[in-house]
Amino acid sequence: MSDKIVAVVGAGTMGSGIAIVMARSGYRTILNDVDADRVENGLATVRDFLAHSAELGKMSRPEADAAADRLEGSTDLGDLAPADVVVEAVFENLEVKQDLFAKLDSIVSGRTLLHTNTSTLSVTGIASGSSHSERVVGTHYCNPAPLMKLVEVAPGRHTADWALEATREFLTSLNKTSVVTKDRPGFIVNRFLIPWENSVIAALDAGLGTVESIDAAVTGALGHPMGPFRLLDIVGLDIHQQVAMRLYEQLRDPKFYPPPMVDRMVAAGDLGRKVGRGFYDYADSRQLFGS
Ligand SMILES: NC(=O)c1ccc[n+]([C@@H]2O[C@H](COP(=O)([O-])OP(=O)(O)OC[C@H]3O[C@@H](n4cnc5c(N)ncnc54)[C@H](O)[C@@H]3O)[C@@H](O)[C@H]2O)c1
């Protein structure tokens, strides 16, 4: 177990997943949100995931209990004062993120690493909210964070070399693979994943196959661990739509524009696993990060 303290701000989908990764790796973890119900839901998600991991034999029961004990909830940013690393996973909104980093300036120490999990915003733009932009680093976890190995690391314009190195060491301690990329829209993965997912959805809409047959074709031909529709259901159709639109707005390339089927599914409320229905029906299954 490490004596380092990690804080995750934003207890939604990504924040709770990232908190699992931290607590499981031996860090005392503070899960903070402005909304007390979100904190409670986030803590429950983490505990459920750890208990489920023990049931599946992925960790022992004492390990799962110890990880759960390392976790605490918070609605007061002042609780983050002792944190060595703060990971921001709040709404994808530049002003909200800048405001948070400005507030953190007067709370955390001068060596605390400040990480942002933004998918589509500029790391440099977010860091400009802080008077310590040298220690702000983009760390883009893939969803579901507890299961996916990759974290994309994007230094901002003023990120110091020591902060980048310390960030990569920290990610290694989480058993993550980090790849360094540029602070550009979509980083590496979404730059090709979003257009590819859009084309797969368009192929479904054109009747080239069913949800099941296209997923089977992709897993069988490309060796992916899950098909694109399973993945989109985990990510959420609303999230795919938002990310695709934001990348389209910045890159002005039509291949990022979400196809009409996405709009129809979002309008119908078929958002994926989180609501029990997306491309597949999940009425009877557990909602634990696709496990
Ligand atoms: N969902 C994904 O697939 C995914 C993948 C990678 C990165 N991201 C990025 O991660 C971030 C979070 O996304 P999400 O899907 O978890 O969102 P979410 O809506 O599930 O959760 C966001 C949480 O932030 C909280 N919040 C908002 N403002 C806050 C503040 N000032 N202080 C504390 N908490 C605050 C909200 O109450 C909410 O609980 C976004 O930047 C998103 O782009 C999302």
Side-chain angles (χ1 to χ4, degrees), residues 7-21 30-46 73-80 83 86-105 107-108 114-123 125-127 129-130 136-154 176 181 183 185-191 193-194 197 228 230-247 249-250 271-275 278 287 289-290:
V8 181
V9 187
T13 309
M14 292 308 294
S16 337
I18 294 167
I20 291 170
V21 174
I30 303 166
L31 183 57
N32 173 281
D33 201 290
V34 280
D35 180 336
D37 288 342
R38 290 287 200 134
V39 174
E40 282 316 309
N41 286 341
L43 293 176
T45 301
V46 178
S74 153
T75 51
D76 179 358
L77 267 191
D79 295 338
L80 277 52
V86 176
V87 183
E88 168 281 303
V90 304
F91 295 140
E92 187 75 337
N93 176 293
L94 183 62
E95 287 74 34
V96 172
K97 289 185 192 276
Q98 285 174 332
D99 180 57
L100 172 66
F101 279 91
K103 286 183 180 143
L104 287 172
D105 275 349
I107 295 172
V108 297
L114 301 171
H115 290 168
T116 172
N117 187 46
T118 184
S119 297
T120 58
L121 298 170
S122 154
V123 174
I126 293 169
S130 169
V136 177
V137 187
T139 56
H140 186 238
Y141 291 75
C142 299
N143 184 12
L147 304 182
M148 304 297 276
K149 192 89 176 145
L150 182 75
V151 179
E152 292 172 286
V153 177
K176 294 291 182 192
T181 182
D183 179 22
F187 304 125
I188 297 173
V189 175
N190 279 341
R191 258 318 240 275
L193 181 62
I194 297 289
E197 287 175 334
R230 287 265 175 224
L231 178 61
L232 281 159
D233 275 355
I234 290 174
V235 169
L237 271 293
D238 52 340
I239 301 291
H240 175 82
Q241 184 188 45
Q242 279 165 24
V243 171
M245 267 319 280
R246 280 169 186 259
L247 293 181
E249 283 160 9
Q250 293 176 77
L271 304 181
R273 283 190 75 112
K274 61 188 168 190
V275 297
Q287 303 287 311
F289 295 101

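Whatever order the structure lists them in is the order used to number ligands and atoms, beginning at 1. Values below: all heavy atoms of this structure, side chains included; hydrogens, waters and symmetry mates excluded.
Using a 4.5 Å heavy-atom threshold, the side chains of Leu121 and Arg246 count as touching. Residues His240 and Ile194 meet the side-chain proximity criterion, which asks for heavy atoms closer than 4.5 Å. Annotation: side chain of Leu77 is in contact with side chain of Leu100 (closest heavy-atom distance under 4.5 Å). Side-chain contact between Val123 and Phe187 is present, with at least one heavy-atom pair separated by less than 4.5 Å. With a 4.5 Å cut-off on side-chain heavy atoms, Thr118 and Glu92 count as touching.
Residues satisfying the side-chain hydrogen bond (donor to acceptor under 3.5 Å, both in side chains) test with Asp238, not counting sequence neighbours, are Lys274.
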Between ligand 1 and the protein, find all N/O pairs closer than 3.5 Å and give the distance for each.
residue: ligand 1; atom: 3 (O); partner: Asn143; partner atom: ND2; Å: 3.1
residue: ligand 1; atom: 8 (N); partner: Ser119; partner atom: OG; Å: 3.1
residue: ligand 1; atom: 10 (O); partner: Asn117; partner atom: ND2; Å: 3.0
residue: ligand 1; atom: 16 (O); partner: Thr13; partner atom: N; Å: 3.3
residue: ligand 1; atom: 16 (O); partner: Met14; partner atom: N; Å: 2.8
residue: ligand 1; atom: 20 (O); partner: Thr13; partner atom: N; Å: 3.0
residue: ligand 1; atom: 20 (O); partner: Thr13; partner atom: OG1; Å: 3.4
residue: ligand 1; atom: 34 (N); partner: Val34; partner atom: N; Å: 3.4
residue: ligand 1; atom: 37 (O); partner: Asp33; partner atom: OD1; Å: 2.7
residue: ligand 1; atom: 37 (O); partner: Asp33; partner atom: OD2; Å: 3.3
residue: ligand 1; atom: 39 (O); partner: Asp33; partner atom: OD2; Å: 2.6
residue: ligand 1; atom: 39 (O); partner: Arg38; partner atom: NH1; Å: 3.1
residue: ligand 1; atom: 41 (O); partner: Val90; partner atom: O; Å: 3.4
residue: ligand 1; atom: 41 (O); partner: Glu92; partner atom: OE1; Å: 2.6
residue: ligand 1; atom: 41 (O); partner: Lys97; partner atom: NZ; Å: 2.7
residue: ligand 1; atom: 43 (O); partner: Glu92; partner atom: OE1; Å: 3.0
residue: ligand 1; atom: 43 (O); partner: Ser119; partner atom: OG; Å: 3.1

